[in-house]
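Computed from a predicted model, the values in this text were never measured in an experiment.
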Amino acid sequence: MVGIAATEGASCMTRTLILPGFRGSFGDHWQAHWLRDDPRAVLVEQDDWERPDLDLWNARLQEVLATTDKALLVAHSLGCLLAARIASSPLAGRVKGAFLVAPCDPALTEKLHPGAIRFGALPEKRLSFPSMLVASRSDPYMQFNEARRLAAAWGSSLVDLGPQGHINVKSGFGRWPMGYRLASLLSRERGRSKSAVGAPQPTSHGAEGPSFRSPLT
């Protein structure tokens, strides 16, 4: 059974906001597990995951942030672009960290799914909150060198998972205890410069991990 440690009162808790990629994160996807494992997690919805609307999604994220004191953004693929865009919002101060996994390159995504996504260019502005970008060397949605460049532009620490596809169910990532541990490192990013960090390749992506401990509490 996956539980969560008690903290000092609900007002002090960090709320986890799940930002999925194209077509959503359902079933055995690691974000779906995170949503189930963390009782403080909230899915920021799209009306149609097959035709994501950036403006509508951005408005919904801001609505949730407006009722949240502290938030951790847990984003995958397309969700990483939304997380980067919120950094310029007046509500960005409520974001205490962003865990950005396998961001997608809009140009490559357009080639793979013509006409489905209109998110414009990649945001290039440095993020106003601590962030970690987790990248794969075999991701069809973003070349690793571009992920490295993007991490530098955003001021994100970079985790290199090696050749792990798009870090989704197809590449073997169900429940992902290592993701919880990596996200917890964001609390240490405050007040220090960010640098690239290495991480071992996960060996049991779907394995049941230790009790869930929400990052940034």
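Between Ala75 and Trp30, the shortest heavy-atom distance links the atoms O-CH2, 4.2 Å. Scanning both residues, Ala41 and Ile18, for their nearest heavy atoms gives CB-CG1, 4.4 Å. For the residue pair Trp154 and Ala84, the shortest heavy atom distance occurs at CZ2-CB, 3.5 Å.
With hydrogens and angles ignored, the 3.5 Å screen pairs no side-chain donor or acceptor of Arg94 with any backbone N or O of Ala71. Formation of a donor-acceptor pair under 3.5 Å by the Gln46 side chain with backbone atoms of Arg51 is not found in this model. A donor-acceptor distance shorter than 3.5 angstrom exists from the side chain of Ser136 to the backbone of Gln164, with no hydrogens or angles considered. Side-chain atoms of Lys96 come within 3.5 Å of backbone atoms of Gly93 as a donor-acceptor pair (strictly under, hydrogens ignored). The backbone N or O of Ala87 sits less than 3.5 Å from a side-chain atom of Ser128, completing a donor-acceptor pair.
Ring planes of Tyr180 and Trp34: perpendicular class, angle over 60° (limits at 30 and 60°). Ring-plane geometry between His166 and His76 is classed as tilted, the angle between the planes lying from 30 to 60 degrees on a 0 to 90 degree scale.
In this structure, CZ on Arg148 lies 14.0 Å from OG on Ser156, to the nearest 0.5 angstrom. For the atom pair CG of Leu82 and CG of Leu19, the computed distance is 5.5 Å after rounding to the nearest 0.5 Å. Distance OG/Ser77 to CG/Asp139: 7.5 Å, rounded to 0.5 Å. Note that the CG atom of Asp38 and the CZ atom of Arg15 stand 11.0 Å from one another [nearest 0.5 Å]. The line from OG1 of Thr68 to CE of Met13 is 13.5 Å long, rounded to the nearest 0.5 Å. Distance check, rounded to the nearest 0.5 Å: CG of Asp105 to CD of Glu146 gives 5.5 Å.
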Go through it in stages, so that I can follow the logic: the residues are Ile86 and Phe129, the test is side-chain contact (heavy atoms from CB on, under 4.5 Å), and I'd like the CA-CA distance, side-chain angles, deciding distance and then a yes or no.
CA-CA 10 Å; Ile86 208 69; Phe129 37 75; 4.1 Å; yes

Apply side-chain contact (heavy atoms from CB on, under 4.5 Å) to residues Leu65 and Leu17 and explain how you reach the verdict.
CA-CA 9 Å; Leu65 285 174; Leu17 305 184; 3.8 Å; yes

Between Leu122 and Met142, is the side-chain contact (heavy atoms from CB on, under 4.5 Å) condition met? List the steps.
CA-CA 11 Å; Leu122 275 169; Met142 179 172 284; 4.1 Å; yes

Determine, stepwise, if the pair Tyr141 / Asn168 fulfils side-chain contact (heavy atoms from CB on, under 4.5 Å).
CA-CA 12 Å; Tyr141 289 89; Asn168 56 9; 5.9 Å; no

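Under the side-chain hydrogen bond (donor to acceptor under 3.5 Å, both in side chains) criterion, Arg137 pairs with Asp160, sequence neighbours left out.
Here Arg60 does not pair with Glu63 in a salt bridge; the nearest charged N to carboxylate O distance is not below 4.0 Å.
Test Leu158, Leu127, Val74, Val134 against Leu100 for side chain to side chain contact (heavy atoms under 4.5 Å, CB included) and you get one pass: Leu127. Under the side chain to side chain contact (heavy atoms under 4.5 Å, CB included) test applied with Leu73, the options Leu61, Leu186, Thr16, Val44 reduce to a single match, Leu61.
Here the side chains of Glu124 and Arg149 are in contact, with some heavy-atom distance below 4.5 Å. Residues Leu35 and Gln31 form no side-chain contact, since every pair of their non-hydrogen atoms from C-beta on lies 4.5 Å or further apart. Looking at Val101 and Trp176, their side chains come closer than 4.5 Å, going by heavy atoms from C-beta outward.
The cluster map of Ile, Leu, Val, Met, Phe, Trp and Tyr, joined by side-chain heavy atoms under 4.5 Å apart, puts Leu108 and Leu133 in different clusters.
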